[in-house]
> 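Dumping the structure here so I can ask a few things about it.
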Amino acid sequence: MTGFTLEVRDVTKRYGDGPTAVSAVRGVSLAVQPGEVVLIMGPSGSGKTTLLSMMGALLSPTSGTISLDGTVISALGEGRLPEIRLRKFGFIFQDFNLLSALSVLENVAIVAELAGHKRGEAREKATQILTELGLQERLRFLPEKLSGGEKQRVAIARALVNDPALLLADEPTANLDSAIGHEIMRILRRVAKEKGRAVVIVSHDQRIRDIADRVLWLEDGEFAEAIELATDPVCGMSVERAKATTAERDGATLFFCSRGCRAEFLGQLPTDGIDPASA
Amino acid sequence: MLLALRNLTHDRTRFALSVAGVSLAVMLILLLSGYRAGIYRQTAEYLDHAPGSVVVAQRGVRDFLAANSILPPGAAKAVADVPGVARVVPVVAQTAIVELNGRKELVYFIGYDPGIGGGPWSLTEGREPTAEGEVVFDRVMAAEHGIRLGDHVTVLGGSLTVVGLSDETALWIGSFVFADSSTIESLMRAPAAQSFLFVTPQPGVKPNELRGRIHVQGIDAMLKADVIVADQRLLARVYDAAIGLMTAIAFFVGVLVVGLTVYTATIERRREYGALKALGAGNRVLYRIVAIQALIAGVTGAALGTLLAYGLGRLFVAWRPQFPVTIEPTAILVALGVSVAMAVLAALVPARAIARLAPADVFR
Ligand SMILES: Nc1ncnc2c1ncn2[C@@H]1O[C@H](COP(=O)(O)OP(=O)(O)O)[C@@H](O)[C@H]1O
Ligand SMILES: [Mg+2]
């Protein structure tokens with residue numbers, strides 16, 4: 001017994017081969033425990049989605065192993081994976097991916113039916129979870145009639161209906177405004193804490209850091225260790241302190257993503273004509 | 001499965017399109033095969049109703065409708081004397097192109113003895129001929145030429161009085177005209193001629209056995225069933241190639257329409273199917289969803305197509321009675337089979353797209 005839900009060991013993913021090969025993830029290791037909320041952050045193209053897909057058995061690693069409750073799932077054949085995806089993982093997507101022809105209730109129930117529940121049973125389970133998520137008034141609605149936050153709550157219900165050990169979410173708040181995004185994050189945290197599930201969230205949204213137990217920074221396919229982050233006061237992007245352009249004001253150090261932001265902050269006009277320095 | 005049904009009702013236009021595709025294809029196939037069946041039946045109609053089970057013709061003649069047969073004198077008597085023969089019905093049959101109201105028509109003149117048999121079996125109006133110069137016309141041809149009961153018609157130089165109109169006696173190339181044998185003989189200037197004998201065996205004598213016993217100079221005895229087949233080979237089979245080709249095209253177009261609509265529906269919902277895969281649905285579940293959609297469209301289309309075929313078939317027969325369309329009740333089974341086959345083939349079109357759908361792609 002490791003006590004871990006999911007263990008990722010020295011995992012690498014290369015897309016393509018030869019000179020055009022891209023190493024999206026390089027030698028990453030991590031372990032996720034029940035009840036834990038892990039947030040994976042990093043710039044666009046850093047390999048977050050690739051890593052999450054491998055953790056959820058949607059993609060097989062080029063090397064390294066991924067094990068779930070002691071079973072090495074990265075070694076299983078494609079024939080065994082649907083069953084594992086169905087019962088062990090719950091997925092939440094950036095653009096919700098609800099089935100547009102089905103009602104809210106049916107969207108959730110169909111996943112329970114896939115797992116072998118009878119229709120009535122599946123509907124009962126779905127109703128219960130949707131009610132817990134405050135959607136009891138929306139059961140008969142089609143997804144197109146829902147707000148973004150409601151859609152994502154339906155997606156969470158769908159991810160939870162088969163009692164998965166692990167919930168995997170890729171940019172779950174990217175299409176939501178910040179208040180709703182925060183609410184979704186709180187729901188995910190509650191799911192982890194109350195039901196003892198592990199939750200892994202991929203995001204580059206700084207605003208949701210506070211709900212995570214652990215934040216990991218992925219860059220160029222590798223976890224950066226002990227990277228200290230700061231928020232650019234102009235554009236709001238996360239920046240690494242060590243690499244950022246800085247400025248002093250009132251005795252405090254400020255960090256910027258670029259010289260442009262720094263210049264703007266300092267009240268220097270953005271270059272209107274041709275910047276002689278860059279010309 | 002529920003999802004299949006909901007997907008269909010969710011995009012109604014597409015569903016309507018595939019149903020329309022199937023129903024048109026099924027309708028065409030039923031009408032074409034109904035037409036073919038009608039032609040075959042029409043070709044066999046007279047012999048089917050003629051008495052007996054053995055046909056005697058001039059030596060070397062193998063069919064009834066397309067042959068000129070003249071029996072040697074005394075043939076009827078000789079055949080009647082063969083042991084096992086119960087009844088012999090002679091007819092004079094003569095094909096002629098006649099001019100009616102300035103239009104040329106192919107006519108099968110049948111001269112028969114109303115007291116013995118070989119004449120029309122169903123009259124819509126009037127009676128059988130009883131005297132020389134009286135004829136029964138096919139009702140379709142009569143209607144086309146505005147010929148009514150009691151009219152005098154000049155045919156091949158002779159004046160005939162229409163005393164009856166017969167049903168089921170139209171062929172796509174012409175029609176039957178029945179008269180007393182003496183009328184035909186004088187019309188054809190061939191006294192005492194006989195063309196065919198319809199022979200009925202005595203109870204307990206098998207037709208084929210009787211056929212083998214008839215050895216008379218200058219004639220051949222054949223099973224009536226074989227003569228019907230020979231007629232159909234000559235007069236009905238000409239349609240087979242064209243009808244077969246059109247049926248195949250209709251089938252193919254049906255498959256194509258359903259296949260394309262199912263395919264575009266699948267491609268359009270690629271993300272949804274990808275999400276389902278990520279959530280744990282295997283390829284088989286997704287195939288089934290797509291196949292059920294195709295099947296529902298197929299069976300609905302089959303039902304609609306069958307109704308359309310019956311309706312249009314009736315209209316067509318009313319409009320052109322000499323071109324019969326006979327849709328048998330078994331056609332419903334044919335339609336169902338055809339549509340299921342179309343649906344299964346159509347469902348194969350998007351199968352590859354589904355198999356290639358990588359679940360990880362839903363994150364893109
Ligand atoms: N299917 C793929 N084929 C080839 N390259 C890919 C594929 N998916 C991702 N990549 C590349 O791998 C790198 C990591 O991508 P991704 O995991 O999507 O990063 P993130 O989610 O952090 O933006 C990028 O350089 C991307 O172009
Ligand atoms: Mg991504």
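We name chains A, B, ... by the order of the sequence lines, and we start the count at 1 in each one. Computed over heavy atoms, backbone and side chain alike; hydrogens, waters and symmetry mates excluded.
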> Tell me, yes or no, whether the heavy-atom count around A:Lys88 atom NZ, taken from other residues, nucleotides or ligands under 6.0 Å, exceeds 12.
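At most 12 heavy atoms, drawn from other residues, nucleotides or ligands, come within 6.0 Å of this atom.
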> Report, in residue-number order, which members of residues 270-301 of chain B are under 4.5 Å from chain A by heavy-atom distance.
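Those residues of residues 270-301 of chain B which have a heavy atom under 4.5 Å from chain A are B:Arg271, B:Glu272, B:Ala275, B:Leu276, B:Lys277, B:Ala278, B:Leu279, B:Gly280, B:Ala281, B:Gly282, B:Val285.
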> Please classify the contact between A:Asn162 and chain B as side chain, backbone, both or neither, with a heavy-atom cut-off of under 4.5 Å.
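Neither part.
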> Please classify the contact between A:Glu171 and chain B as side chain, backbone, both or neither, with a heavy-atom cut-off of under 4.5 Å.
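For A:Glu171, neither part sits under 4.5 Å from chain B.
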> What are the two closest heavy atoms between A:Ala101 and B:His10, and how far apart are they?
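A:Ala101 and B:His10 have their closest heavy atoms at CB-CB, 3.5 Å.
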> When only pairs under 4.5 Å are counted, which of B:Leu8, B:Leu2, B:Asn7, B:Leu5 shares the most heavy-atom pairs with chain A?
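Looking at each option in turn, the highest pair count goes to B:Leu2.
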> Of the listed residues (A:Val111, A:Val202, A:Asp95), which shares the most heavy-atom pairs with chain B below a 4.5 Å separation?
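Looking at each of A:Val111, A:Val202, A:Asp95 in turn, A:Asp95 comes out on top.
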> What option among A:Ile84, A:Leu52, A:Asn97 has the most heavy-atom pairs under 4.5 Å with chain B?
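With the most close heavy-atom pairs to chain B, the winner is A:Asn97.
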> Could you look at A:Arg87 and say if it's the side chain, the backbone, both or neither that has a heavy atom under 4.5 Å from chain B?
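Answer is neither: A:Arg87 stays 4.5 Å or more from chain B.
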> Around atom CD of A:Glu78, are there more than 12 heavy atoms from other residues, nucleotides or ligands closer than 6.0 Å?
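Above 12, so yes.
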> Name the region of A:Leu99, side chain, backbone, both or neither, that has any atom closer than 4.5 Å to a heavy atom of chain B.
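It is both, since atoms from each part get that close.
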> So for atom CZ, which belongs to B:Phe252, do other residues, nucleotides or ligands contribute more than 12 heavy atoms lying within a distance under 6.0 Å?
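Atom CZ in B:Phe252 is not packed in, count stays at 12 or less.
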> More than 12 heavy atoms of other residues, nucleotides or ligands under 6.0 Å from CZ of B:Arg237: yes or no?
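No, CZ of B:Arg237 has 12 or fewer neighbouring heavy atoms, counting only those of other groups under 6.0 Å.
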> Measure A:Phe91 against the heavy atoms of chain B and call it side chain, backbone, both or neither at under 4.5 Å.
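For A:Phe91, heavy atoms of backbone and side chain both lie under 4.5 Å from chain B.
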> Looking only at side chains, do A:Ser103 and B:Arg6 share a donor and an acceptor under 3.5 Å apart?
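Checked: A:Ser103/B:Arg6 side chains show no N/O donor-acceptor pair below 3.5 Å.
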> Within a radius of less than 6.0 Å around CZ of B:Phe251, do more than 12 heavy atoms belonging to other residues, nucleotides or ligands occur?
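Buried by this count: over 12 neighbours within 6.0 Å.
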> Just give me the residue among A:Gln94, A:Arg158, A:Glu83 that pairs up with chain B most often, heavy atom to heavy atom, under 4.5 Å.
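Ranked by heavy-atom pairs under 4.5 Å with chain B, first place is A:Arg158.
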